[in-house]
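FYI, the numbering just counts along the sequence from 1. Both ligands and their constituent atoms are indexed starting at 1 by order of listing. Hydrogens, waters and symmetry mates play no part in the numbers below; they use all other heavy atoms, side chains included.
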Amino acid sequence: MGRYTKIHLTGAIIAAALMASAGASPAFAADLTLRYDRPAQDWESQALPIGNGRIGAMLFGSLPQDRVQFNEISLWTGNEDVMGAYQAFGNLYINLPGHDLASVTEYSRELDLSRGIAAMGYRKDGVTYRREYLASHPAQVLVVHLSADKPGAYTGEIELADMHNAPTTVEGNRMTSSGVLTLEMARQAARRGRGGQAAPPPLPAAGGTDTMHYESQAIVLNDGGSLSVSGDKIAFRGCDALTILLGAGTSYVMDYEKKFQGEHPHKRLTAQMNAASTMSFQQLRDEHIKDYLSLFARVELDLGATSSQRRALTTDQRMKVYAEKGDDPGLEAMLFQFGRYLLMSCSRDRLPANLQGLWNDRNNPPWNADYHTNINIQMNYWPAEPANLSECHVPLFDLVRALMVPFQKATAAQFPAPDGKPMRGWTVRTSHNIFGNMSYVWNMGGNAWYAQHFWEHYAFTLDRKFLSDVAYPVMKEACEFWQDHLKVLEDGRLAIPNGWSPEHGPRDVDGVTYDQMMVWDLFTNTIEAADILGTDGEFRDTVAAMRQKLVGPKIGCWGQLQEWMEDIDDPNDRHRHTSHLFGVFPGRQISVTQTPELAKAARVSLEARGSSGDSRRQWAWAWRCALWARLRQGERAHEMVRGLFTYNTLTNLLGNHPPMQMDGNWGITAAICETLMQSHTGQIDLLPALPSAWPSGSVKGLCARGGFELDIRWKNGKLAGVTVRSTGGQTCRLRCADKVAGVTLSAGESCLLDGALNRL
Ligand code: FUC
């Protein structure tokens, strides 16, 4: 499938980033460093995340014992029959006796998004100490580097502690901890109940059957001084500097045929660790920065200047002032880039981002840290295409395809085909794990929402092979399911039966707007896909005929867009979900230009949902921000950014549902894209919902459907100029306020237009 790579970095950005000392960000206009003046004490709200798309860590920067709490994205209990939960992997501890916080000065801790490097530093007894942490994708290891400006300053111990009590063995400078997960562990977690939900039903008898092997390794490399084995730890004495490599792996394979069980990770992990240990820290660091920038540096965002007093504050203090006074476009731009940073850090070439991305310190995390299909996993991927991280979308497609057989089987058991026909298609329940086991209520329209992501990947990249080989078959099967399961109402219209608008109101009702809109979206995308591929004419027409008969969106008695087929919406309903507005965003059934009356009704509904009570959930702000942007209400969109920061963002910038959950971080990045550019109605709208808080600024590298990449500049609230690059050689219609321009470019070509959309 189309794993294409786009690298269009200037050598200057890479060179500047490699040369600059961590802390300042000379390669980027915006300031992109999260900064704190004390160590993290709380995992959820203060520790800082790093990740390479597969393994990651939460960093505490603590003294005298530093804690690197690490994860690997596939460490799950459970299997195809049992839900299980995403597990914590372990902790690496760095003990420096005598380095008590009380005895040090000038302590600082930071995460530099412009290079993907975290750091901490302090002074003690005339020595300046510095520690850097990175998660290397090319080397597949986490790296911690301890340095000091005087020789021989490091004496202490390093410890590797597994979260399931597997013992650690030490050989030379390497620590290894291997363990196995069993069904009994999933059973125990289930007994405890999770995430405030009732404990699930008892599990089938399964004894202690092994479900997954896993291993972590740490290698300690010293400059000067000496290393020695100290029980199950490694001691170091009088070292000038230390480099610690940390790796982890599991036996999980994304392959149903193999029951998702692959080889023991020992060999692969050992090879990765050995290879990394032949490189110097500088080499590992340079290689990491280069790789990191190949994704991160594609987009630059400048929303306007923040005062130097504000910029001088630590991030937690800055957030407090922002909550009171607003007026910190730099912090808002940082939140945007943080979403991109997080997606790159947990979704590259293994599993997709779960509810917590890949960061988790518990063996019974809230909601199992699973894949939730009624908003959460989709929101995780909203920024992937517009924010120029298309490759990071691919793990989602890989998982959905790998789980297709278990999804089909569960669907067949729940929704047998009518009249004894052979079963076709698939759909999903609200939650699933990495082995295809599903739990919680059926989310029948969830197949359409998953299919939307496959289509969008094509719509942005124009990767035709992906469309024909990967996306279209998935979309078609979802359509076939609906061909067999739509209910014909008395008046001949077609309704999705027995739905529930997540997660409130009547259950088991027909024609819920959320379901209807998702299936409309699926049919629309499938029709377009068949047209593009020039395939399946008859099927395409059948889908078109079904779409024609679908129960459509309706305006209710208080001018609202009805959430249900019956006009029963309560104007005082402040529920967090805004599912009936799917057709506004992320769908395209309703738009200000094409269906103005319905857009007006959507606005009434969104207004009524308010921003108090249950509406104050981190992902709810992000969805509403995107909705207001699509409704071209820039001020309201900006209120959502501010609300998210004020009520549901932790001091490490992670979203607080509560508890910590990451979808809102990704949602807000996508929503900010929507304020600056939209491309869902067949044209590219520039600055469709620019708030007055960002009067002048620029964005580089946003992606639009049709294979376009845009740099947009604005001044005093007006477009100042735009550069359009084409990857697919298509024609586009640009629109800004009342100006319109057609642009035709061949693949690889770009052009520049002024603020009035005149070609320069
Ligand atoms: C959905 C939401 C909840 C939460 C959970 C993980 O069910 O309604 O707010 O985000 O997913």
With a 4.0 Å cut-off, would you call [X] and [Y] a salt bridge?
{"X": "Glu44", "Y": "Arg362", "answer": "no"}
{"X": "Glu639", "Y": "Arg642", "answer": "no"}
{"X": "Arg576", "Y": "Asp614", "answer": "yes"}

Looking only at protein heavy atoms, which one is nearest to [atom], and what is the separation?
{"atom": "atom 7 (O) of ligand 1", "result": "Glu503 OE2, 2.4 Å"}
{"atom": "atom 8 (O) of ligand 1", "result": "His577 NE2, 2.7 Å"}
{"atom": "atom 6 (C) of ligand 1", "result": "Trp367 CD2, 3.5 Å"}

Checklist line | Selected option - heavy-atom contact closest to atom 11 (O) of ligand 1, from Arg617, His504, Gln618, His372 | finding: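 It is His372 whose heavy atom sits nearest to atom 11 (O) of ligand 1.
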
Next item on the list: Verify the distance criterion only: is there a donor paired with an acceptor across the side chains of Asn443 and Asn374 at less than 3.5 Å?
Entry: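 Checked: Asn443/Asn374 side chains show no N/O donor-acceptor pair below 3.5 Å.
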
Check: Taking atom types as modelled and ignoring hydrogens, do the side chains of Glu385 and His453 form a donor-acceptor contact shorter than 3.5 angstrom?
Finding: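 Distance-only check fails for Glu385 and His453.
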
Judging by distance only, is a nitrogen or oxygen of [X] under 3.5 angstrom from one on ligand 1?
{"X": "His657", "value": "yes"}
{"X": "Arg576", "value": "yes"}
{"X": "Trp619", "value": "yes"}
{"X": "Asn376", "value": "yes"}

Next item on the list: Kindly indicate, with the supporting measurements, whether the criterion ring pair (Phe, Tyr, Trp, His ring centres under 6.0 Å) is fulfilled by Phe435 and Tyr252.
Entry: CA-CA 9 Å; Phe435 312 100; Tyr252 176 78; 5.7 Å; yes

Note to self: Residue-level breakdown please: for Leu355 versus ligand 1, do any non-hydrogen atoms fall below 4.0 Å on the side chain, on the backbone, on both, or on neither?
What the structure shows: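 Near ligand 1, Leu355 shows its side chain, while the N, CA, C and O stay back.
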
Notebook entry, point to check: Given that the side chain starts at C-beta and the backbone is N, CA, C, O, which of these parts of Ile375 lies under 4.0 Å from ligand 1, counting heavy atoms, or is it both or neither?
Noted result: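 Within the 4.0 Å criterion, Ile375 makes no contact with ligand 1.
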
Notebook entry, point to check: Picking from Phe582, Trp455, Phe454, what satisfies ring pair (Phe, Tyr, Trp, His ring centres under 6.0 Å) with Trp449?
Noted result: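 For Trp449, the ring pair (Phe, Tyr, Trp, His ring centres under 6.0 Å) check succeeds only for Phe582.
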
Note to self: Within the 4.0 Å heavy-atom shell around Asn374, which atoms of ligand 1 are there?
What the structure shows: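 Listed by number with element, the hits are 1 (C), 7 (O).
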
Notebook entry, point to check: Roughly how far, to the nearest 0.5 Å, is CE of Met517 from CG of Leu550?
Noted result: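 That separation rounds to 11.5 Å.
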
